[in-house]
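Reviewing the structure listed below.
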Amino acid sequence: MHPYRTHTCGDLRPEQKDQTVRLSGWVFRKRDHGQLIFIDLRDHYGVTQVVFHPDRPFFDEVQKIRLESVITVTGQVAARSLETVNPDLPTGAVELVVDAYEVISLADPLPLHLAGEDEGPEDIRLKYRFLDLRRERLHRNLILRSDIIASLRRRMLEQNFREFQTPILTSSSPEGARDYLVPSRVHPGKFYALPQAPQQFKQLLMIAGFDRYFQIAPCFRDEDARADRSPGEFYQLDIEMSYVTQDDIFNVVEQVIYGVFKEFSNWKLDPAPFVRIPYREAMEKYGSDKPDLRIPIEMRDVSALFKESKFNAFRSVVEKGGVVRAIPVKAISDKPRSFFDKLVEYAQSIGSKGLAYLVWSEGAVKGPIAKFMAPDELARLATMCGVGEGDVIFFVADAAKSANRIGGDLRSKLGRDLDLIAKEVYRFCWIVDFPMFEFDEESQAIIFSHNPFSMPQGGMQALLEKDPLDILAYQYDIVCNGCELSSGAIRNHSPEIMYKAFEMAGYGQDEVDRRFGAMINAFKLGAPPHGGLAPGVDRMVMLLANETNIREVIAFPMNQKAQDLMMNAPATVTEKQLRELHIAIKLPPARAVEPGTTPAPAGG
RNA sequence: GGGGGCGUAGCUCAAUUGGUUAGAGUCCCAGACUGUCGAUCUGGUUGUUGCGGGUUCGAGUCCCGUCGCUCCCGCCA
């Protein structure tokens, strides 16, 4: 007999009745009746009830065994009597009556509860991640992750993509996020950088003629975390294709994404092709370039109407170049005054100067600004926003950027608070036609608004003839339920257009050569038109696992401050290591006052 | 770097307008119990209320500072 097991804890059924079998696993739950002990034995595959009778020599030992200890038990499979069958367990029709018992590994009292719903504090969960991962939910999430990645690989290979590995130790990229740096022992004072993404390598693979590339690629960025953004490192399904248009890329990606979401979820799903929303329209309607289409609220631009109105507060905003956005919401006119007051307060807390609203109620239009509005203006608003009896319109007036941000935030909040978010559905869209450049208020200069390697729509002619701020790029995002899955672009494969685009963003030719030499050189030696994108694997798994925090789908995540509390990273290293790397540490000034050193006040 | 929330037993949480000895469940320890499946029952241990200071006759509660975790803004080509 195998020393550890003949079956797993998920295997046994009435068919194995009377067989002698062996199981190994963790003591999940224990029910001690004094003259009879039940243990729910758990492994990766399931849970099986094992029964201990008091005539066995190890009975006292079993009474003392602590939860999560690892044991091996051998005995006969018995069918449970009808009243004692547990319908909640797949193995619930049988139990194992133990004749031989061996303790493999004793567990100390646990720092976390594993049975039950309580999760415990985040730092303890992370420090004891291997325990946390024993829980069913996390265990299931990581299995799902593995299955999703296998499916992604299969779907990519089926579409004639090949998987490539690209360097992890590479050079620091001049644009974008902060790099993680790795000092070179052989080259004093020089550093490798971990790749923020394999962007340049995948383009070079296209230039090398491989036509269709993908990689489940690790990416490293030294930026702060969010609930949907793991600090330090994450994975992308990195994709690049040659001789393609934007539509070709959408087509491929829609098949893969739709297929994977269909395979791993029974939620409703937008069919391909996914709706395409120009960036400017998304900002106007949803106040976001990653709109959550599950929320049935669309903003309207009503600047023109208020420009002519008698309502000074809004008219002056529009006259100064600002905008007025209307947020129509159906059937909430009966909400109490406090609802509106709280929303106004919330709007102010996120930086709005105020929050006006109109209420269509009992055949009249009410609300703080109703008295400033002419009847025909109210009628036109109702038509433009599609509102009627019982509906409400909120208004945000501000500079376009702020109005979009505040309006978008309010739209989401209204969706959440009013429970308007469609349930059990994945809503996808492409955001297309991102601007190539934007005006940076801080530096008072034109900068790339996204990836500098994107092809401007209209090519060289557009760069030469159009207002830079009106030039669009073949740059797109794919968004699901308000979560940005991926950015991508048709790349700029022409050195001339590239130099010109960089020039417009304030970079000279020599600077481009210095920073992107490998790419430019490659473009000068025969480059196919190409493009791609890179959906975030962690985010896809997060959506499919229906988790709101990305840590729940990563085996060993770092905390918000990019520390691994289990492995104690980052950590100091030895003097010897530093010497070999030619590194001297220069710490920031220590914090001023130690606790307890403050002079006590005199008297008493 | 900035803003919000949280911090009470190993874990989950309670503690009235500031009021006397900070409680409950769970875990742990001891005992009882032959059909449970979150077993049950009896008893017991467990606290620098994150830390430091202040106000007060009196602080878990109020104030200031600080630390930790988290969410958000900045940031993420």
Side-chain angles (χ1 to χ4, degrees), chain A residues 28-41 47-55 59 63-64 66-68 78 80-89 91-92 95 97 107-128 131 173-179 196-197 199-200 219-232 234 346 349-351 405 409 434 442 447-454 473 475 484 487 489 502 505 515-516 534 536 548-549 551 559-561 563 565 591-601 604:
Chain A
F28 187 38
R29 282 185 286 255
K30 188 170 69 168
R31 295 176 291 281
D32 181 354
H33 291 242
Q35 296 301 302
L36 186 71
I37 302 170
F38 300 100
I39 281 179
D40 288 340
L41 194 67
V47 173
T48 301
Q49 172 165 289
V50 298
V51 190
F52 297 85
H53 289 288
D55 55 346
F59 190 80
Q63 277 193 312
K64 291 188 166 48
R66 272 195 292 260
L67 298 182
E68 295 302 313
R80 297 206 210 176
S81 67
L82 214 58
E83 320 84 70
T84 63
V85 164
N86 184 349
D88 297 330
L89 282 183
T91 61
E95 61 194 7
V97 182
D108 287 341
L110 301 167
L112 290 164
H113 286 279
L114 293 193
E117 309 259 307
D118 297 334
E119 294 193 323
E122 193 81 30
D123 45 347
I124 294 182
R125 291 181 62 200
L126 291 173
K127 181 171 179 187
Y128 296 95
L131 282 182
S173 62
E175 300 282 329
R178 278 183 287 267
D179 287 312
Q196 296 176 20
Q199 180 66 33
Q200 296 192 52
C219 303
F220 305 89
R221 294 177 194 176
D222 186 4
E223 295 294 346
D224 291 339
R226 290 285 184 279
D228 65 351
R229 203 164 81 205
S230 185
F234 59 97
Y346 176 78
S349 78
I350 59 170
R405 179 180 61 79
D409 193 318
F434 276 83
E442 202 180 316
I447 59 169
F448 286 113
S449 77
H450 277 77
N451 186 329
F453 301 137
S454 300
Q475 167 89 37
E484 180 191 315
S487 271
F502 271 97
R515 291 179 157 194
F516 306 105
T548 52
N549 193 300
R551 280 190 295 272
N559 69 6
Q560 199 183 28
K561 291 194 173 157
Q563 295 166 299
L565 299 176
R591 293 185 185 281
V593 185
E594 289 292 313
T597 59
T598 327

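Quick note: numbers below take in every heavy atom, side chains included, and nothing from hydrogens, waters or symmetry partners. Residue numbering restarts at 1 for every chain, and letters A, B, ... go by the order of the sequence lines.
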With a 4.5 Å limit on heavy-atom distance, are the side chains of I39(A) and R29(A) in contact? no
To the nearest angstrom, how far is L36(A) atom CG from G35(B) atom C1'? 6 Å
May I have the distance from Q563(A) (atom CD) to C67(B) (atom P), rounded to whole angstrom? 14 Å
Taking any heavy-atom pair under 4.0 Å as a contact, classify Q49(A): base, sugar-phosphate, or nothing. base
When the C1' atoms of A15(B) and U61(B) are compared, how many Å lie between them, rounded to an integer? 10 Å
Would you measure the distance from the C1' atom in G10(B) across to the matching atom in C28(B) and give it in whole Å? 9 Å
What are the two closest non-hydrogen atoms of S454(A) and A489(A), and how far apart are they? OG-CB, 3.3 Å
Base of G35(B) paired with side chain of E95(A) (donor-acceptor, under 3.5 Å): yes
Any N/O donor-acceptor pair, R66(A) side-chain to C27(B) base, under 3.5 Å: no
Do the side-chain N or O atoms of R31(A) get closer than 4.0 angstrom to the phosphate oxygens (OP1, OP2) of A39(B)? yes
Shortest non-hydrogen contact from F59(A) to F52(A)? CE1-O, 3.5 Å
Would you mind classifying the nucleic acid contact of H33(A) as base, sugar-phosphate or nothing, using non-hydrogen atoms under 4.0 angstrom? base
Looking at side-chain heavy atoms only, is the closest gap between R31(A) and Q49(A) below 4.5 Å? yes
Need one value for I124(A): base, sugar-phosphate or nothing, where a base atom within 4.0 Å counts as base even if backbone is also close, heavy atoms only. sugar-phosphate
What interatomic distance, in whole Å, is found between C1' of A59(B) and the corresponding atom of G3(B)? 28 Å
Does A77(B) have OP1 or OP2 under 4.0 Å away from a side-chain N or O of R221(A)? yes
What is the distance from CG of D88(A) to P of G38(B), rounded to the nearest Å? 7 Å
For atom C1', what is the distance between C13(B) and G18(B), given to the nearest Å? 22 Å
Which helical stems does RNA chain B take part in, if a stem means at least 3 consecutive Watson-Crick or G-U pairs with both distances below 3.5 Å? B:1-7 with B:67-73, B:10-13 with B:23-26, B:28-32 with B:40-44, B:50-54 with B:62-66
Salt bridge check: are R551(A) and E122(A) linked by an N-O gap of less than 4.0 Å? yes
Scan R551(A) against the nucleic acid and name what it touches under 4.0 Å (heavy atoms): base, sugar-phosphate only, or nothing. sugar-phosphate
Rounded to whole Å, NZ of K30(A) lies from P of C29(B) at a distance of 8 Å
With a 4.0 Å limit, can you tell me whether R229(A) has a side-chain N or O closer than that to the phosphate oxygens OP1/OP2 of G74(B)? no
Looking at A77(B), I'd like to know if its phosphate oxygens (OP1 or OP2) sit under 4.0 Å from a side-chain N or O belonging to Q196(A). no
Per the atom types in the model, does the base of G38(B) pair as donor or acceptor with the side chain of H113(A) at under 3.5 Å? no
Mapping S449(A) and A227(A) onto RNA chain B by nearest heavy atom, which one lands closer to the 5' end? A227(A)
Could you state the CD1-P distance from I37(A) to G31(B), rounded to the nearest angstrom? 13 Å
Determine whether L126(A) and Q563(A) make a side-chain contact, defined as any pair of heavy atoms from C-beta on separated by less than 4.5 Å. no
For D409(A) and C73(B), what is the distance between atoms CG and C1' respectively, to the nearest whole Å? 11 Å
Say we look at G23(B) and U16(B): how far apart would their C1' atoms be, to the nearest angstrom? 14 Å
At what distance, to the nearest 0.5 angstrom, does CG of L110(A) lie from CD1 of I124(A)? 12.0 Å
Ignoring hydrogens and angles, does a donor from either the side chain of R80(A) or the base of C37(B) sit under 3.5 Å from an acceptor on the other? yes
Supply the atom-to-atom distance L131(A) CG to H113(A) NE2, rounded to the nearest 0.5 angstrom. 12.5 Å
Sugar-phosphate only, base, or nothing, as touched by N86(A) at under 4.0 Å among non-hydrogen atoms: base
Rounded to whole angstrom, note down the C1' distance from U40(B) over to G35(B). 13 Å
Quote, to the nearest angstrom, the P distance that separates U21(B) from G58(B). 13 Å
Roughly, in whole Å, what's the span from CZ in F52(A) to C1' in A39(B)? 16 Å
Applying a 4.0 Å non-hydrogen cut-off, can you work out what N549(A) is touching in the nucleic acid: base, sugar-phosphate, or nothing? sugar-phosphate
Take atom P in G25(B) and the same atom in U42(B), then report the distance between them in whole Å. 10 Å
Any base atoms under 4.0 Å from D222(A), or only sugar-phosphate, or nothing? Heavy atoms, all strands. nothing
Let me know the distance between CD of Q63(A) and P of A30(B), rounded to the nearest Å. 10 Å
Over all heavy atoms of both residues, which pair between P231(A) and N559(A) is shortest? Give the atoms and the distance, please. CG-O, 3.2 Å
Can you check whether any acceptor in the base of U36(B) is under 3.5 Å from a donor in the side chain of R29(A), or vice versa? no
Once rounded to the nearest 0.5 Å, what's the spacing between atom NZ of K30(A) and atom CD of E68(A)? 12.5 Å
